[in-house]
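What you see is a predicted model; the values in this text were computed from it and never measured. Numbers here simply count residues along the sequence, with the first being 1.
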Amino acid sequence: MTEPTALEPVTEDWQRALAVVAHPDDLEFGAAAAVARWTGQGKQVVYCLVTSGEAGIDAMPPQQAREVREQEQRASAALVGVDTVEFLRLPDGILEYGVPLRRAITEVVRRHRPEIVITNNFRETWDGAYTLNQADHIATGQATLDAVRDAGNRWIFPEQLTGDVERWAGVRQVWAASSPRAAHGVDVTATFDRGVASLRAHEAYLTGLGDGGFDAEEFLEGLARPAGTRLGVRYGVGFEVFPFDLW
């Protein structure tokens, strides 16, 4: 059996990051512990949720779910040191890759001017084989990559360039958390518990999963230990890194 390759630590010589994901809870299923590490270093991280996850709770009508899930996401983000959380409120479950999604994310990138952009795994599977990813994740990740490039071109979506909003070509890398192609990672041993707490803050959503017996710590440990082993630490988070400073 082939031993998993070691993960190279991600760069941490940056100050501002923007996290763009499809749903409330997406960051908490792995990446939030890394966010806690970075905010603890004094870095600024902003969250942008493309939807409000309103289609994610079967027993709750969408309008009610939207309010509950936005509230839970804000509380969850605060637990890892994030105080700016934006919701684009695009329709949950039916996101489509294309110009409208690129436009919406480009505007956020231009306003916040991040050096690093974080998104979720957008490959077809989670394990590189059989565990299928979800369409919203794939559309959001692909659109985020293109939006980062769009943000630096003054002739793409020029209507956004008003007031203090200017083109932004300062994104150095895009990181996709928990990608099966991850070759980089970050040690979250010291902040793992904060990541667990941030996932548990999505109480209404987690209660609706399966039989209601979901164990956040057990689930996250199952992800963090293998990544940690590849980093040579107890707990880690893997990222697929897309460099933009070379393009």
Side-chain angles (χ1 to χ4, degrees), residues 1-12 17-38 47 49-51 53 56 93 95-97 101 105 116-149 171-189 191-192 195-196 198-199 209-210 214-244 246-247:
M1 182 175 177
T2 303
E3 290 294 321
T5 58
L7 295 177
E8 179 181 342
V10 296
T11 181
E12 294 187 316
L18 169 68
V20 181
V21 294
H23 315 107
D25 77 68
D26 282 353
L27 286 162
E28 287 68 46
F29 275 98
V35 172
R37 171 188 171 95
W38 295 321
Y47 281 5
L49 290 303
V50 175
T51 80
L95 291 178
E96 293 182 301
Y97 171 81
L101 185 54
I105 298 172
I116 300 295
V117 172
I118 302 160
T119 191
N120 245 5
N121 170 40
F122 55 90
R123 299 298 183 182
E124 290 185 355
T125 71
W126 288 100
D127 58 359
Y130 304 110
T131 307
L132 293 177
N133 202 348
Q134 200 251 19
D136 280 1
H137 301 154
I138 296 170
T140 297
Q142 291 176 339
T144 297
L145 275 185
D146 285 335
V148 165
R149 189 160 34 210
V171 176
R172 294 158 52 190
Q173 297 179 343
V174 175
W175 298 348
S178 303
S179 168
R181 301 189 191 183
H184 292 74
V186 61
D187 178 2
V188 297
T189 304
T191 53
F192 176 76
V196 172
S198 74
L199 179 54
L209 289 180
F214 177 82
D215 187 315
E217 182 172 6
E218 181 181 11
F219 180 89
L220 292 178
E221 187 170 355
L223 298 177
R225 279 196 179 277
T229 297
R230 295 174 65 189
L231 277 166
V233 299
R234 184 178 184 187
Y235 294 132
V237 176
F239 291 93
E240 183 175 1
V241 172
F242 299 86
F244 275 76
L246 302 178
W247 294 10

For the pair Thr189 (side chain) and Tyr235 (backbone), establish whether a donor and an acceptor sit closer than 3.5 Å, ignoring hydrogens and angles.
yes
Let me see the working for Phe244 and Leu145 under side chain to side chain contact (heavy atoms under 4.5 Å, CB included), right down to the final yes or no.
CA-CA 9 Å; Phe244 275 76; Leu145 275 185; 3.8 Å; yes
Hits for side-chain hydrogen bond (donor to acceptor under 3.5 Å, both in side chains) against Thr191, two or more places apart or cross-chain, chain-then-number order -> none
So Thr11 and Trp175, do their side chains get closer than 4.5 Å, heavy atoms only?
yes
Heavy-atom side-chain proximity of Tyr47 to Val35 below 4.5 angstrom:
yes
Is atom CD of Glu124 surrounded by more than 12 heavy atoms (other residues, nucleotides or ligands) closer than 6.0 Å?
no
Leu27 and Ala19 have their tightest heavy-atom pair at CD1-CB, 3.8 Å
Specify whether Phe214 and Phe219 have parallel, tilted or perpendicular ring planes, treating 30° as the upper limit for parallel and 60° as the lower limit for perpendicular.
tilted
Output yes when a side-chain donor or acceptor of Asn133 lies under 3.5 Å from a complementary backbone atom of Asn121, and no otherwise.
yes
I'd like to know if the side chain of Thr119 reaches the main chain of Val20, judged simply by a donor and an acceptor atom lying under 3.5 Å from each other, with no hydrogens or angles considered.
yes
Starting at OG1 of Thr229, measure out to CZ of Arg225 and round the result to the nearest 0.5 Å.
8.0 Å
Measuring only between side-chain heavy atoms, which start at C-beta, is Asp187 closer than 4.5 Å to Arg37?
yes
Return the minimal non-hydrogen interatomic distance between Gln173 and Pro243, and the atom names on each side.
CG-CA, 4.1 Å
Take Thr140 and Asn120 through the test side chain to side chain contact (heavy atoms under 4.5 Å, CB included) and record every step on the way to the result.
CA-CA 8 Å; Thr140 297; Asn120 245 5; over 6 Å; no
Determine yes or no for a side-chain-to-main-chain donor-acceptor pair under 3.5 angstrom, with Glu28 supplying the side chain and Asp25 the backbone.
yes
Are Val186 and Trp38 close enough, and set up right, to give a side chain to side chain contact (heavy atoms under 4.5 Å, CB included), and what steps lead you there?
CA-CA 10 Å; Val186 61; Trp38 295 321; 4.2 Å; yes
For Thr5, is there any backbone N or O sitting under 3.5 Å from a side-chain donor or acceptor partner on Arg230?
yes
Nearest heavy-atom pair of Ile105 and Ala147: which atoms, and what distance?
CG2-CB, 3.6 Å
For Ala22 and Leu95, the nearest pair of non-hydrogen atoms, with its separation, is CB-CD1, 4.1 Å
Heavy-atom closest pair (Gly141 atom, Phe122 atom, distance to 0.1 Å) is CA-CD2, 3.6 Å
Closest non-hydrogen atom pair, Ile138 against Arg123:
CG1-O, 3.9 Å
Once you measure the plane-to-plane angle for Trp126 and His137, does it fall in the parallel (<30°), tilted (30-60°) or perpendicular (>60°) bin?
perpendicular
Kindly indicate, with the supporting measurements, whether the criterion side chain to side chain contact (heavy atoms under 4.5 Å, CB included) is fulfilled by Val21 and Leu49.
CA-CA 5 Å; Val21 294; Leu49 290 303; 3.4 Å; yes
Are the side chains of Tyr130 and Thr125 in contact, using a 4.5 Å heavy-atom criterion?
no
